[in-house]
Amino acid sequence: MNLFTHFKAVLLTILDDLVTKGQLPENIDFTPIVVEPPRDRSHGDITTNAAMVLAKPARRNPREIAAIIAARLEADNDIGSVEIAGPGFINMRLQSGFWMKVLYSVMQKGEDFGKSSIGQGQKVNVEYVSANPTGPLHVGHCRGAVVGDALANLLADAGFDVVREYYINDAGAQIDVLARSAFLRYRQAMGEDIGTIGEGLYPGSYLIPVGKALADEYGARLKEMPEDEWLPLVREKSMAMMMDMIRDDLAALNIHHEVFFSEKSLHEGGGIEESVAALEEMGLVYEGRLPPPKGQLPDDWEDREQTLFRSTDFGDDVDRALKKSDGSYTYFAADVAYTKDKIDRGFDQLIYILGADHGGYVKRLKALAKAFSGGDAELTVLLCQLVNLMRGGKPVKMSKRAGDFVTLRDVVDEVGPDVVRFMMLYRKSEAPLDFDFDKVTEQSRDNPVFYVQYAHARISSVFKKAAIELKSPENYKNVSIDDLAVLTDSAEMKLIQKMAEYPRIIESAAQAHEPHRVAFYLYELAADFHSLWNKGKETPNLRFIINDSVDITYARLALLHSIRYILASGLRILGVRPVEEM
RNA sequence: GGCCUCGUAGCUCAGCUGGAUAGAGCAACGGACUUCUAAUCCGUAGGUCGCAGGUUCGAAUCCUGCCGAGGUCGCCA
């Protein structure tokens, strides 16, 4: 239950009634009305701008309207007091009994407490990673991988029907380069001295096992074939092995896609012709010339007529080429087919997680979604900015020597998947991110991963102690709403109120496509918990286990258990494991 | 030159889709360990929200123009 939507419903009922009673004019637009937590908690538990929004259409003073609404709100059993403040804010304080109902609801629903149905089962496709299958994932892929995965989890919790998808670029010239590079490794495996690896081939040692596998499978036969015979065989084998490696890399970060979509299947299955024909039917394809780019002109620029898609009809800067000078389809043409395929599969929302270097690609993708869905499908792109690898405050030097890059696996192996995931999510994705190997493994408040994990571990330690000291340590699970009334300390109330915000965080983060909000929320929840913990040091009767009062002990264990549920739920969305001890 | 992203405390960043006196952490300073782990907590101090206009009851948030940082710019993928 999102308490803000709950009280918004209460408010709207009142407003409707005021309209029928003639105290407000008819046909007023209520959509700008929000019910939310006040910026400053001292103003109350919830606040609404209703009076200020209604003032103009009702042609009355906002504070006057506020007074009318406030009088009605006060009649609600869950609302303790109502105040009108500033230009016309209506601030409400809730009865403490209401907070206990919320806490009880967390106890009952457990990790489902934050789940929402605002997604209404809308079909969402989240495409992320989609790295070329020509080598292991490198550190640059980390962020998009984690952001995409967490966003998918978040959307699923918010009631969307989510498909996680990986687009395999298995059709371009880079795949032939991969195959030739693997062929070299094959010759090496057959005992040949291959010398230094030539310019334009992949020198990485990860291809050595591919060469061996080829040698095992084909023996000397490949060497005796002309290139046009061995190339397809080597291509298939090396690509399959690269994809296996990529899947392993992703699994190390606990990432699993449901769909791996092959670009090649669009070329071979006629998807491209079909989709281009569909655009033609809509009158969106023509033969024409593009103006040369404004910046530095490419060396090999030649002015020529080509097949173009009218993406400018949908807000793009220039029309986009569908065919290369040799007559074959462009990469973009495959995207035409791919977008159409997604729309045809019935997705209401297409989300792409791309690196910042793909910024120039966004408008043409949006143009495609508009063209194929008639504007019904929403296409959004999250551009993840660069991750700067640091060590001890200094940038990690990455050698320009080809093949010598930091892999995703290097990073995960060094600091663990939980740290990688949390840190990649502890920043909004449009902002660049420093990832310092030393800082992220530091155990201090400066390290949010540790800080949140530590809260979870501390809660676990209380339950361990309770299991030893209490006769019936599980009895806290049977507390009633009334039993919870012994929780009256301000730090306890603050925690309950913080927990009550969780469903709203999930909903707003999902709608804004901002998983980092969950990470920040968890940090705040952990801070409130650590604060209560330390309060118990100074004030022993605020500790969780109180020897001479089982009632208080059970109520507090119920509180702790609820916090643990929410920490676990939020961490699950982020893909970080909660820990029992540090 | 066009387009995209960013600019908030000394540093690293939040700011909940336009709300009230702009918030955290680090660094600085002052406090709290016979304890359910002090790996934490409490307090003090720190601001022209890049600059200038505009929109309105109200702007860090929306619009326009500058300044600065990064990215990107037919047929590569």
Side-chain angles (χ1 to χ4, degrees), chain A residues 32 34 36-40 42-43 47 49 52 55-56 62 85-89 91 132 134 169 171-175 263 289-298 300-304 306 308 316-332 334 355-363 381 383 385-386 426-428 430-434 439 442-448 450-451 454-455 457-459 461-466 469 501 504-505 507-509 511-512 514 516-517 520-521 523-524 527 530-538 540 543-545 560 581-582:
Chain A
V34 293
E36 58 187 356
R39 289 276 158 117
D40 185 341
S42 68
H43 289 131
T47 186
N49 61 350
M52 291 178 287
K56 206 171 196 181
F89 289 101
N91 297 329
N132 286 346
T134 54
N169 298 133
Q174 82 282 2
I175 297 300
E263 179 193 353
R289 286 169 196 280
L290 284 179
K294 285 273 165 64
Q296 68 206 75
L297 212 58
D300 56 348
W301 171 263
E302 76 178 286
D303 189 28
R304 67 174 188 89
Q306 49 190 342
L308 298 167
D316 200 357
D317 306 316
V318 290
D319 291 335
R320 302 294 170 179
L322 294 166
K323 284 184 180 172
K324 302 184 205 171
S325 50
D326 65 3
S328 64
Y329 286 109
T330 59
Y331 180 79
F332 178 67
D357 54 340
H358 287 72
Y361 218 74
V362 176
K363 285 186 181 177
V381 178
L383 286 181
Q385 293 293 322
L386 218 65
Y426 200 63
R427 184 119 321 166
K428 61 181 174 210
E430 313 88 72
L433 164 68
D434 290 343
K439 270 202 173 156
E442 195 174 278
Q443 301 197 328
S444 74
R445 181 163 191 171
D446 199 19
N447 179 354
F450 161 77
Y451 189 73
Y454 186 39
R458 272 184 156 173
I459 291 172
S461 83
V462 176
F463 280 98
K464 275 179 211 152
K465 188 175 171 178
E469 297 198 356
E501 283 177 28
R504 184 171 179 273
I505 296 288
E507 289 180 359
S508 62
Q511 280 175 322
E514 291 186 348
H516 76 275
R517 290 192 201 176
F520 279 93
Y521 169 81
Y523 184 84
E524 289 166 16
H530 286 306
S531 182
L532 174 63
W533 176 287
N534 278 274
K535 212 168 170 183
K537 285 177 196 300
E538 287 156 25
R543 289 179 193 169
F544 302 112
I545 298 171
L560 285 188
E581 53 189 34
M582 306 293 289

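Note on naming: letters A, B, ... go to the chains in the order of the sequence lines (proteins, then strands), and numbering restarts at 1 for each one.
- Residue contacts for A:Asn132: at a heavy-atom cut-off of 4.0 Å it reaches the sugar-phosphate backbone alone, with no base atom in range.
- Of the candidate nucleotides B:A77, B:C36, B:C6, B:C6 has the atom nearest to the side chain of A:Glu430.
- Spacing between atom CZ of A:Arg427 and atom C1' of B:G15 amounts to 14 Å, rounded to whole angstrom units.
- Atoms OG and CH2, on A:Ser461 and A:Trp533 in that order, are 4.0 Å from each other to the nearest 0.5 Å.
- Within 90° of 0 lies the glycosidic angle of B:U17, which makes this nucleotide syn.
- Of the candidate nucleotides B:A20, B:C26, B:G15, B:C26 has the atom nearest to the side chain of A:Arg445.
- Within 4.0 Å of A:Pro292, counting heavy atoms only, lies no atom of the nucleic acid at all.
- One interatomic measurement links the two molecules: CZ of A:Phe332 to P of B:C75, which rounds to 10 Å at whole-angstrom precision.
- Summarising the base pairing, B:U40 is matched to B:A32 through a Watson-Crick or G-U wobble pair whose two defining distances lie under 3.5 Å.
- Counting non-hydrogen atoms under 4.0 angstrom, A:Arg320 reaches nothing in the nucleic acid.
- Using a 4.0 Å heavy-atom distance criterion, A:Lys464 is classed as making no nucleic acid contact.
- Nucleotides of RNA chain B nearest to A:Gly172 and A:Ile505 differ in position, and the one nearer the 5' end is that of A:Ile505.
- OP1 or OP2 of B:U17 lies within a sub-4.0 Å distance of a side-chain N or O belonging to A:Arg504.
- The side chain of A:Lys363 places no N or O atom within less than 4.0 Å of a non-bridging phosphate oxygen (OP1 or OP2) of B:U72.
- Between B:A59 and B:C49, the distance separating the two C1' atoms is 11 Å to the nearest Å.
- A:Ala512 comes within contact range of at least one nucleobase, with a heavy-atom separation under 4.0 Å.
- Across B:C75, B:U40, B:A20, the shortest atom-to-atom separation from the side chain of A:Ser325 is found for B:C75.
- Applying the Watson-Crick and G-U wobble criteria (two distances, each under 3.5 Å), B:C26 pairs with B:G10.
- If you take CD of A:Gln385 and C1' of B:A69, they are 11 Å apart, rounded to a whole angstrom.
- Across all strands shown, B:G50 is found opposite B:C66 as a Watson-Crick or G-U wobble partner, with both distances under 3.5 Å.
- In terms of polar N and O atoms assigned as donor or acceptor, the side chain of A:Ser508 never comes within less than 3.5 Å of the base of B:C16 in a complementary pairing.
- Straight-line distance from the CD atom of A:Glu514 to the P atom of B:C16: 8 Å, rounded to whole Å.
- When each of A:Ala527 and A:Glu524 is assigned the nucleotide of RNA chain B with its nearest heavy atom, A:Glu524 is the one assigned upstream, toward the 5' end.
- B:G25 and B:G43 have their P atoms separated by 10 Å, given to the nearest Å.
- At a cut-off of 3.5 angstrom, the base of B:A77 holds no donor-acceptor pair with the side chain of A:Asp357.
- If you take CG on A:Asn132 and CD1 on A:Ile175, they are separated by 6.5 Å, rounding to the nearest 0.5 Å.
- The side chain of A:Trp301 has B:G74 as its nearest neighbour among B:G74, B:C16, B:A77.
- OP1 and OP2 of B:C75 both lie 4.0 Å or more from every side-chain N or O belonging to A:Lys324.
- In this pair, A:His516 and A:Phe520 present their aromatic rings perpendicular. The plane angle is above 60°, beyond the 30 to 60° band.
- You'll find the side chain of A:Arg320 reaches within 4.5 Å of the side chain of A:Asp316, heavy atoms only.
- Among the protein residues, A:Lys428 comes within range of the sugar-phosphate backbone only, with heavy atoms under 4.0 Å from sugar or phosphate atoms but none that close to a base.
- Looking at heavy atoms from C-beta onward, A:Arg445 lies out of side-chain contact with A:Tyr454 at the 4.5 angstrom threshold.
- A:Asn91 comes within contact range of at least one nucleobase, with a heavy-atom separation under 4.0 Å.
- Residue contacts for A:Tyr361: at a heavy-atom cut-off of 4.0 Å it reaches a base atom on one of the strands shown.
- Between A:Tyr361 and A:Phe332, the ring planes lie perpendicular to each other; the angle is over 60°, past the 30° to 60° tilted range.
- The phosphate of B:G15 has OP1 or OP2 within less than 4.0 Å of a side-chain N or O from A:His516.
- Considering only the side chain of A:Ser531, B:C42 comes nearest among B:A14, B:C42, B:C36.
- A:Tyr451 comes within contact range of the sugar-phosphate backbone alone, with a heavy-atom separation under 4.0 Å but no base atom that close.
- Only the P atoms considered, B:C26 is 41 Å distant from B:G54, to the nearest whole Å.
- A:Phe89 is not listed as a side-chain neighbour of A:His43, based on a closest heavy-atom distance of 4.5 Å or more.
- Heavy atoms only, all atoms of each residue included: A:Leu560 and A:Val462 are closest at CD1-CG1, 3.6 Å.
- Nucleic acid contact class of A:Glu36 (heavy atoms, under 4.0 Å, all strands): sugar-phosphate only.
- Between the P atom of B:U40 and the NE2 atom of A:His530 lies a distance of 7 Å, rounded to the nearest Å.
- Figure legend. B:A60 is base-paired to no nucleotide; pairs are counted as Watson-Crick or G-U wobble with both atom distances under 3.5 Å.
- In this structure, A:Gln174 and A:Asn169 approach most closely via the heavy-atom pair NE2-O, 2.8 Å.
- Across all strands shown, A:Arg543 has heavy atoms under 4.0 Å from base atoms, whether or not it also approaches the sugar-phosphate.
- Atom C1' of B:A9 sits at a distance of 12 Å from the matching atom of B:A27, rounded to the whole Å.
- Within the nucleic acid shown, A:Ile545 comes within 4.0 Å of at least one base atom, counting heavy atoms only.
- Using a 4.0 Å heavy-atom distance criterion, A:Glu501 is classed as making no nucleic acid contact.
- Neither OP1 nor OP2 of B:C36 sits under 4.0 Å from any side-chain N or O of A:Lys537.
- Listed nucleotides B:U37, B:G74, B:C16 differ in distance to A:Pro37; the shortest reach to its side chain belongs to B:C16.
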Each nucleotide of nucleotides 56-62 of chain B classed B (base within 4.0 Å of a protein heavy atom), S (only sugar-phosphate) or -, in 5' to 3' order, makes SS--B--
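- Between B:U37 and A:Arg458, no contact under 4.0 Å exists linking OP1 or OP2 to a side-chain N or O.
- Checking the phosphate oxygens (OP1, OP2) of B:U37, no side-chain nitrogen or oxygen of A:Trp533 falls inside 4.0 Å.
- The partner of B:U55, taking Watson-Crick or G-U wobble pairs whose two distances both stay under 3.5 Å, does not exist in any strand shown.
- Side-chain proximity of A:Ala431 to B:C36, B:G19, B:A14: nearest is B:A14.
- The C1' atoms of B:C66 and B:U56 are separated by 24 Å, rounded to the nearest whole Å.
- Taking atom CG of residue A:Asp40 and atom P of nucleotide B:G15, one finds them 18 Å apart after rounding to whole Å.
- Between the base of B:A77 and the side chain of A:Thr330 there is no donor-acceptor pair shorter than 3.5 Å.
- With a 4.5 Å cut-off on side-chain heavy atoms, A:Glu581 and A:Lys464 count as touching.
- A stacked arrangement is not assigned to A:Phe520 and the six-membered base ring of B:A14, the conditions of a centre distance below 5.5 Å and an interplanar angle below 30° not being jointly met.
- Note on A:Thr47: a base of the nucleic acid sits closer than 4.0 angstrom, heavy atoms only.
- Comparing B:G23 with B:G1, their C1' atoms are spaced 40 Å from each other, to the whole Å.
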